[in-house]
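Okay, structure first, notes after.
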Amino acid sequence: MDPQAKFRLPLFPLPVVLFPTASMPLHVFEPRYRRMVARCLEGDRCFGLLHHDADRQGPFLCEEGRVGCVARIEEFEPLPDGRSILTVRGLERFHIEDGIESEEPFYEALVAPYVDGEAGEGVELRRARALALLREVLQKLGEEPDRLATLDTTSELSFPLVRAVQAEAGWLQGFLEVRDEEARLELLEQIFLAVLNR
């Protein structure tokens, strides 16, 4: 992906964090986001999900630099009263370059890919260690680690692994914004080791 490529994206601010490769159910009820979903379904089915907690942060603003994840609508279930249930899957991360004023009732922005720097030579070993630690954690908690069987150390692993972590949204957003796979894996290792050492 060209990190310099810019594209227009509708935005859906919510008090949750979506990661690349993760799926998430969403309940859409506000009229402006119903409209956004209808537009997405007419096009590439994608919008940008951004963490925003209106109770803590106040009104949403399209501030330059904010980081989110492109969400692709995989399932759409309309409800009789106009609301809908979506299942979305996280694609790549993005950051806001500039807000866009349009006639649409929902937010839109000019965004660009938010990508990591070059991975170090030891990243595969770090992935293997983090994966092994998570297996130990799941076994300690009496859960089956079979769901990790499809994961391997030859591709980005921190985002699939973080889905096992229950943390507050601010921490998860910070994790999403880290632009280094090894640094993200180190954060995960610290959490997994803390659980194992309890």
Side-chain angles (χ1 to χ4, degrees), residues 1-3 5 7 9 11-26 40 44-53 65-75 86-96 109 111-139 141 143-196:
M1 180 191 305
D2 180 1
F7 54 102
L9 193 66
L11 302 178
F12 198 172
L14 288 169
V16 296
V17 179
L18 177 67
F19 291 107
T21 75
S23 62
M24 178 182 286
L26 296 175
C40 290
D44 63 3
R45 303 176 75 91
C46 291
F47 60 87
L49 197 153
L50 279 159
H51 173 261
H52 183 78
D53 186 337
R66 290 195 66 167
V67 176
C69 185
V70 176
R72 185 175 194 281
I73 300 170
E74 294 201 322
E75 295 178 21
L86 309 180
T87 300
V88 300
R89 181 165 297 278
L91 302 180
E92 70 271 14
R93 294 174 295 169
F94 67 88
H95 67 275
I96 294 177
V111 305
Y114 187 82
V115 297
D116 285 351
E118 196 69 30
E121 290 182 7
V123 70
E124 283 198 38
L125 287 173
R126 188 127 221 177
R127 287 173 182 151
R129 189 163 65 219
L131 186 56
L133 284 171
L134 179 54
R135 283 197 173 100
E136 287 185 50
V137 167
L138 293 176
Q139 288 169 344
L141 298 176
E143 297 180 29
E144 291 295 326
D146 296 346
R147 61 191 173 99
L148 305 179
T150 58
L151 301 179
D152 67 72
T153 59
T154 60
S155 59
E156 189 175 71
L157 199 58
S158 58
F159 292 128
L161 293 185
V162 77
R163 298 191 329 235
V165 174
Q166 293 186 2
E168 59 96 15
W171 187 93
L172 296 174
Q173 178 64 25
F175 190 90
L176 183 74
E177 294 178 12
V178 175
R179 297 179 93 162
D180 181 279
E181 170 83 337
E182 289 188 76
R184 290 192 299 270
L185 291 166
E186 183 176 349
L187 288 170
L188 292 174
E189 285 180 32
Q190 292 171 5
I191 291 174
F192 299 156
L193 285 169
V195 174
L196 290 171

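Basis for what follows: all heavy atoms, side chains included, without hydrogens, waters or symmetry-related copies. Just so it is clear, the model here is predicted, and its values are computed rather than measured.
In this structure a side-chain-to-backbone donor-acceptor pair under 3.5 Å is present from Y114 to E177. Looking at Q173, its side chain does come within 3.5 Å of a backbone N or O of V67 through a donor-acceptor pair. Side-chain atoms of R93 do not come within 3.5 Å of backbone N or O of P113 as any donor-acceptor pair. Between the side chain of R66 and the main chain of H51, a donor-acceptor pair closer than 3.5 Å is present. Although no hydrogens or angles enter the test, the distance criterion places a donor-acceptor pair under 3.5 Å between the side chain of E181 and the main chain of L157. Between the side chain of R45 and the backbone N or O of R72 there is no donor-acceptor pair closer than 3.5 Å.
Within a 6.0 Å radius of CD in E118, no more than 12 heavy atoms belonging to other residues, nucleotides or ligands are found. Enclosure of atom CD in Q166 is not indicated, since only 12 or fewer non-hydrogen atoms of other residues, nucleotides or ligands lie within 6.0 angstrom.
Sorted by first and then second residue, the pairs that involve residues 155-166 and meet salt bridge (Lys or Arg N to Asp or Glu O under 4.0 Å), not counting sequence neighbours, are E156-R184.
With contacts defined as side-chain heavy-atom distances shorter than 4.5 Å, the pair C69/L49 does not qualify. With a 4.5 Å cut-off on side-chain heavy atoms, D180 and D116 do not count as touching. V70 is not listed as a side-chain neighbour of P20, based on a closest heavy-atom distance of 4.5 Å or more. Under the 4.5 Å side-chain criterion, counting only non-hydrogen atoms from C-beta, F12 is not in contact with L18. Side chains of V17 and F175 form no contact here, defined as non-hydrogen atoms less than 4.5 Å apart. By the 4.5 Å heavy-atom criterion applied to side chains, L134 and L188 are not counted as neighbours.
Atom CZ of R129 and atom CG of L185 lie 9.0 Å apart (nearest 0.5 Å). Distance check, rounded to the nearest 0.5 Å: CZ of F94 to CG of L50 gives 4.0 Å. The distance from atom CG of L161 to atom CG of L133, rounded to the nearest 0.5 Å, is 10.0 Å. Separation of atoms CG (L196) and CD1 (I191) is listed at 12.0 Å; rounding is to 0.5 Å. Atom CG in L131 sits 11.0 Å away from atom CD in E136 (nearest 0.5 Å). Between E75 atom CD and T87 atom OG1 the span is 4.0 Å, to the nearest 0.5 Å.
Partners of L125 according to the side-chain contact (heavy atoms from CB on, under 4.5 Å) rule, which considers only residues two or more places apart in sequence or in another chain, do not exist here. Taking R89 as the reference, S23, E74 meet the side-chain contact (heavy atoms from CB on, under 4.5 Å) condition, with sequence neighbours excluded.
Nearest heavy atom pair, residue E182 against residue G122, reads OE1-C, 4.2 Å. Of all the heavy atoms in C40 and F47, the pair that sits closest is SG-CB, 3.9 Å. Residue F19 comes nearest to L172 through the heavy atom pair CZ-O, 3.6 Å, listed as atom of the first residue, atom of the second, then distance. The shortest non-hydrogen separation linking L11 to A109 is CD1-CB, 3.7 Å.
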